[in-house]
Amino acid sequence: MDEERRVVGRFAPSPSGRMHLGNLWSCLLAWLSARSAGGEMVFRLEDLDPDRCRQEYCDQVMADLEWLGLSWTGPVVRQSQRTEAYAEAFHQLEQKDLIYPCYCTRAERLAASAPHRSDGIAVYSGRCRHLTEAEREARSRTRRPAWRIAVPEGERTFTDLLQGDYTEDLSRDCGDFILRRSDGVYAYQLAVVVDDAMMGVTQVVRGSDLLDSTPRQLWLQQELSLAHPSYGHVPLLLAPDGRRLAKRDRDLELGQLQEKYTARELVGMLAHAANLIPEPAPMSPEELVPRFDWGKLPKENLVLELGL
Ligand code: GLU
């Protein structure tokens, strides 16, 4: 990776609900990381899934980031308008004979999958990888396929800015993954790689729930001859009972937080949780820029007691 490149970080929210405290936390740390390196942020709405994303959430997410004092440069990119670029990348991978149709139903997928990974996600067995043309034809009469990419064997390691070395063997730990759903929607893994490259992103900072997506994304970048950004996966903020925060549960969402706290207070509490300041004092993101330090951030998920 080229250390000389100017840092371009990114916000990449999914507008499927109001942001919660965990989203603010990763956005703040991504912004601080880019700005403290003299870089900038760009903005993309991950509104690929028409069933889950709504315009009101798109507007809200931008208003919420501005309210917090988190800025970006350049136009807002919307994944819903980037289908052609994804189709082109998909085609390139098809030309390399890496893509095949998968006709498995959910039940078949689960029955045929290898032992579950530690996070409970089933590893696809490759059941449809070696179907003959005749079998494909027969199955496509009754079912519209999803499209998977055939992953290579062998361990690969990358060095995360916070978590250190992370190793995965895609065929053992992930299996052939979907690049395009049966309803035609391109998968997050493909879209994210194409967009990060188009937007000139050199640094991806996001929640550690996406750590195990990174080997897939690095490999797709390699297959598509795209540059690799660096990656930093920050710990998750958990609900007081230890659960992951979820938009659908309206956990610690910004609307509620705004009734009780100013933007400076919230930023100060997050900065304190990140070990960037000794006490949770009101602060602006701008004031925190000189204090940001990857070496101080906690690595483990944490609960932030807010007393709402
Ligand atoms: N859109 C994803 C989310 O809101 C983030 C994807 C990414 O950072 O790569 O969780």
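Just the heavy atoms: all of them, side chains too, but no hydrogens, waters or symmetry mates, feed the values below. Remember, it's 1-based here, ligands and their atoms both numbered in the order they're listed.
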inquiry  = Aromatic contact between Y186 and F90, with the criterion being ring centroids under 6.0 Å apart: yes or no?
reply    = yes
Within 4.0 Å of some non-hydrogen atom of Y188, the atoms of ligand 1 are 6 (C), 7 (C), 9 (O)
Short version for R10: what comes under 4.0 Å of ligand 1, heavy atoms counted, is side chain
key: Stacked cation flag R10 on F43, 6.0 angstrom / 45 deg   = no
protein heavy-atom neighbour closest to atom 6 (C) of ligand 1 works out as E46 OE1, 3.2 Å
Atoms of ligand 1 under 4.0 Å from any heavy atom of R206, numbered from 1 in the order shown, are 7 (C), 8 (O), 9 (O)
So do the side chains of V123 and R172 get within less than 4.5 Å of each other, counting heavy atoms only?
no
Around R52, counting heavy atoms of other residues, nucleotides and ligands shown, do more than 12 lie under 6.0 Å from its CZ?
-> no
* Asked: So is there a nitrogen or oxygen of R44 less than 3.5 Å from a nitrogen or oxygen in ligand 1?
  -> no
Among non-hydrogen protein atoms, atom 10 (O) of ligand 1 lies closest to S14 OG, 4.3 Å
Taking only non-hydrogen atoms of V192 and a 4.0 Å limit, the atoms of ligand 1 in range are 9 (O)
All heavy atoms of S36 vs all of F292, minimum pair found to be OG-CD2, 3.4 Å
Measure from NZ or CZ of R18 to the centre of the six-membered ring of Y57 and say whether it is under 6.0 Å with the direction within 45° of the ring axis.
no
Quick look: N23 vs ligand 1, heavy-atom contacts under 4.0 Å, and the answer is neither
Open item on the list: Under a 4.0 Å threshold between the charged nitrogen and the carboxylate oxygen, would K96 count as salt-bridged to E223?
Closed with: yes
For A12, is at least one N or O under 3.5 Å away from an N or O on ligand 1?
-> yes
